[in-house]
S.K.: 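Below: one structure in structure tokens.
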Amino acid sequence: MKTVLKYYRKYWYLIIISLAFLAGEAICELQLPSYMSGLLEKGVGTSDMAVIWSYGWKMILLSVTACVCAVTVGFLSSIIGSKISRDLRFDVFSQVMNFAGEEYNKFSVSSLITRSTNDITQIQMLTIISLRLIMFAPIMGVGGSIMAVEYSGGISSLAWVIAVAILIIIVLIVIALTIVQPKFARMQKQIDRVNQIAGDELNGMMVIRAFNTQKYEEEKFDKANAELTRTSLFTSRMMALLMPLMTVVMNAIMLTIVWIFAGYVEDFSQIANMVAFMQYALQVIMSFMVISMIFLVLPRARVSINRISEVLNTPISIKNAEGKEQPTGERFKGDVKFEDVSYGYGGGALAVENISFEAKSGQVTALIGSTGSGKSTVVSLLPRLMDVTSGKITIDGIDIRDINIKDLRNNIGFVPQKNMLFSGDIASNVGYGLENATAQDLQKAVDIAQASEFVNSGEKGFEKEIAQGGSNVSGGQKQRLAIARAISKKAPIYVFDDSFSALDFKTDAKLRQALAEEMGDACVIIVAQRVGTIKNADRIIVLDDGKIVGEGKHKDLLKTCKTYLDIAKSQLSEEELDL
């Protein structure tokens, strides 16, 4: 709660102005019944038209003033709510951008999307309603009660009538909240679930069609959707019952007031007092009805506030070291060294253990091993997508944890195992992360990545549109564009995490040759499944079950490492093995 409250403090001046206009509106509303009583007693009761016109103009002026104040408060509350939701969305997104793997594992993607949209919308609605109604209701309740006592004509039983009405309303609100509060928390999780299923089905549409599981996916979505609908209907119906019940209470109070006053009416002044008292009693009861409307939004908004605070208060596990020398803007030579590095996901069992090797500038270092051997984990530790559990990684002798994260990643051209293209065009994807990429830089990058053939073949060239996730290009084209994006950084270190798997052997060979020619001074680390891709590497690291079981050149490993020999035999012919 405190995390979100600081956003309101930022706009304190607008809140104070809103409160001033609210006070003005409340004063006008509280004065109207008083003038109405005077109109009836001194004007209508005496048939004095001058008095009637005098009170009439005053009541019109008060009504217009109240209307202007109400419109101004509504305008300001909308501005405050929109600004706060804007700031929350920005900070939530910025926080998520800094999340490491451990933080992402805590929140699902669908949940983060819901928190960034639906939950913040609930907070925005609460802000608007709070400024307009929560602040207004207490003023009207207290002021109406004071004025009602003044016009009660000394009838003590009338105060009890209002007290009983308020008590009944409070009991109804408490009962409703007790029932629906758990449902609101469940509803937000069900929204997460619906978003998750919808996202999975849309992203996996080709697989769903290939396996003819449309009916199964429809039923799965329908089940989640039905659960959300049932919860939403239950909460809506429970909260909808409040208004008619309170209307019954309000009408019963009006009838009781008339019944009690009927025994005391002696002249026209008592009728005027009765009308004024009824108006003030109505204002008091309406203020509590307004509060009940707040409780339609408050429970759900409270859940949303907690969910947003949970994201904003999540500590970032990977951040710049404090109190240490952090070179900024430096370009490294590119000598990488892993020293007894171990890592376990979420602090659990170690995925890789005691990894030690060197990858020098001007050389190609390759990692190979069976699926799940820890290859991707090892290379993900280099740009600090995850932090080592023990040991250290150095670049040019400097521990990467002592290097500014931005500088570290600016010095690494990284191609992840799962290639991701962003909506836009080819130029924006290849030049992603570069502020002043020229057309020549982009063209050279796609030439090296062997992507120029399909990039230049179309009429639009680099302006060809790329759909979200690169869904309108093939797997090989997507992979080559991802490689071109890394190459365009002109970094001293390049990491290719299984980045050639979707390429045919001919394209693979051309790409590796181009890399060797154009980036001879860079440190190149390649993760591969195919022996043919890395057999000419300067150093090959063989991993098995998270540990290094072999290290050396291709021919040496064929003789000294059984794991590497088994991989090579499964892929190469006897002639290619040359044993």
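Being a predicted model, the structure only gives us computed values, none of them experimental.
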S.K.: Roughly how far, to the nearest 0.5 Å, is CD1 of I405 from CD1 of I316?
M.R.: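 I316 CD1 to I405 CD1: 9.5 Å, rounded to 0.5 Å.
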
S.K.: Would you say Q122 and S304 are linked by a side-chain donor-acceptor pair, where the criterion is simply a distance under 3.5 Å?
M.R.: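 No pair is found: no donor N or O on one side chain lies under 3.5 Å from an acceptor on the other.
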
S.K.: Determine, stepwise, if the pair K375 / D498 fulfils salt bridge (Lys or Arg N to Asp or Glu O under 4.0 Å).
M.R.: CA-CA 9 Å; K375 304 183 297 297; D498 200 14; over 6 Å; no

S.K.: Could you give the distance from OG1 (T72) to CG (L22), rounded to the nearest 0.5 Å?
M.R.: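 These two atoms lie 10.0 Å from each other.
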
S.K.: For residues L88 and L312, determine if any side-chain heavy atom of one lies less than 4.5 Å from a side-chain heavy atom of the other.
M.R.: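 Contact flag for L88/L312 side chains = yes.
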
S.K.: Does E463, at its CD atom, have more than 12 non-hydrogen atoms belonging to other residues, nucleotides or ligands within less than 6.0 Å?
M.R.: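 For E463, atom CD is not crowded (no more than 12 foreign heavy atoms under 6.0 Å).
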
S.K.: Looking at side-chain heavy atoms only, is the closest gap between I466 and N429 below 4.5 Å?
M.R.: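 A side-chain contact under 4.5 Å exists here.
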
S.K.: Do we see a donor-acceptor contact under 3.5 Å between the side chains of Y343 and S380?
M.R.: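 No, because no side-chain N or O of Y343 sits under 3.5 Å from a partner of the opposite role on S380.
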
S.K.: Does the salt bridge (Lys or Arg N to Asp or Glu O under 4.0 Å) test come out yes or no for K215 and D222, once each step is laid out?
M.R.: CA-CA 10 Å; K215 186 67 176 177; D222 184 58; over 6 Å; no

S.K.: Could you tell me whether F422 atom CZ has more than 12 heavy atoms of other residues or ligands within 6.0 Å of it?
M.R.: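 More than 12 within 6.0 Å, yes.
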
S.K.: Looking at CE of M140 and CD of Q283, how far apart are the two atoms once the value is rounded to the nearest 0.5 Å?
M.R.: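 The CD atom of Q283 is 3.5 Å from CE of M140, to the nearest 0.5 Å.
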
S.K.: In terms of heavy-atom contacts, does CZ of F414 have more than 12 from other residues, nucleotides or ligands at under 6.0 Å?
M.R.: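 Counting neighbours around CZ of F414, more than 12 heavy atoms of other residues, nucleotides or ligands fall under 6.0 Å, so yes.
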
S.K.: Could you state the interatomic distance from OH (Y13) to CD1 (I80), rounded to the nearest 0.5 Å?
M.R.: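 If we round to the nearest 0.5 Å, Y13:OH and I80:CD1 are 8.5 Å apart.
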
S.K.: How long is the straight-line distance from NZ of K223 back to CD1 of I197, given to the nearest 0.5 Å?
M.R.: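 Here the interatomic distance stands at 9.0 Å.
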
S.K.: Would you sort out whether D425 and K464 count as a salt bridge (Lys or Arg N to Asp or Glu O under 4.0 Å), showing the intermediate values?
M.R.: CA-CA 5 Å; D425 55 21; K464 178 184 176 181; over 6 Å; no

S.K.: Side chains of K6 and R9, heavy atoms from C-beta outward: is any pair under 4.5 Å?
M.R.: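 Side-chain contact under 4.5 Å: yes.
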
S.K.: Do other residues, nucleotides or ligands put more than 12 heavy atoms under 6.0 Å from the CZ atom of F99?
M.R.: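 Atom CZ in F99 is packed in, count exceeds 12.
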
S.K.: List the steps, then state whether side-chain contact (heavy atoms from CB on, under 4.5 Å) holds for R409 with R384.
M.R.: CA-CA 8 Å; R409 293 171 181 170; R384 291 191 72 190; 4.2 Å; yes

S.K.: What I'd like to find out is whether the side chain of V92 reaches to under 4.5 Å of the side chain of R89, using heavy atoms alone.
M.R.: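 No - every pair of side-chain heavy atoms lies 4.5 Å or more apart.
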
S.K.: Determine yes or no for a side-chain-to-main-chain donor-acceptor pair under 3.5 angstrom, with N472 supplying the side chain and A467 the backbone.
M.R.: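 Checking the backbone N and O of A467 against the side chain of N472, a donor-acceptor pair under 3.5 Å is found.
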
S.K.: Between S94 and D91, do the side chains contain an N or O donor and an N or O acceptor separated by less than 3.5 Å?
M.R.: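 No - no donor-acceptor pair under 3.5 Å links their side chains.
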
S.K.: Could you pull out all residues at least two apart from R193 that satisfy salt bridge (charged side-chain N to carboxylate O under 4.0 Å, His left out)?
M.R.: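 Salt bridge (charged side-chain N to carboxylate O under 4.0 Å, His left out) list for R193, sorted by chain: empty.
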
S.K.: Give the minimum heavy-atom separation between Q124 and S85, together with the two atoms involved.
M.R.: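 Smallest interatomic distance, heavy atoms only, reads OE1-OG, 3.3 Å.
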
S.K.: Can you check whether Y8 reaches T127 side chain to side chain, under 4.5 Å on heavy atoms?
M.R.: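 The answer is yes, as the side chains (C-beta and beyond) meet within the 4.5 Å cut-off.
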
S.K.: side-chain contact (heavy atoms from CB on, under 4.5 Å) between R115 and I120: does it pass, once the steps are laid out?
M.R.: CA-CA 7 Å; R115 292 170 198 246; I120 292 178; over 6 Å; no

S.K.: For K106, does the NZ atom sit with more than 12 other heavy atoms under 6.0 Å from it, leaving out its own atoms?
M.R.: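 Above 12, so yes.
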
S.K.: Given I179 and F234, is the side-chain contact (heavy atoms from CB on, under 4.5 Å) satisfied, shown in steps?
M.R.: CA-CA 10 Å; I179 295 173; F234 178 84; 3.6 Å; yes

S.K.: Can you sort out the partners of E217 under salt bridge (charged side-chain N to carboxylate O under 4.0 Å, His left out), two or more places apart, ordered by chain and number?
M.R.: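 Per chain and number, E217 pairs via salt bridge (charged side-chain N to carboxylate O under 4.0 Å, His left out) with K220.
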
S.K.: Just so I know, are the side chains of L32 and Q279 near enough to count as touching, which here means a heavy-atom distance under 4.5 Å?
M.R.: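 Side-chain contact under 4.5 Å: no.
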
S.K.: Flag the pair Y11 / L14 as yes when at least one side-chain heavy-atom distance between them is below 4.5 Å, and no otherwise.
M.R.: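 In contact.
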
S.K.: If we only count heavy atoms from C-beta on, is the L381 to L385 side-chain gap below 4.5 Å?
M.R.: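 Of all side-chain heavy-atom pairs linking L385 with L381, none is under 4.5 Å.
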
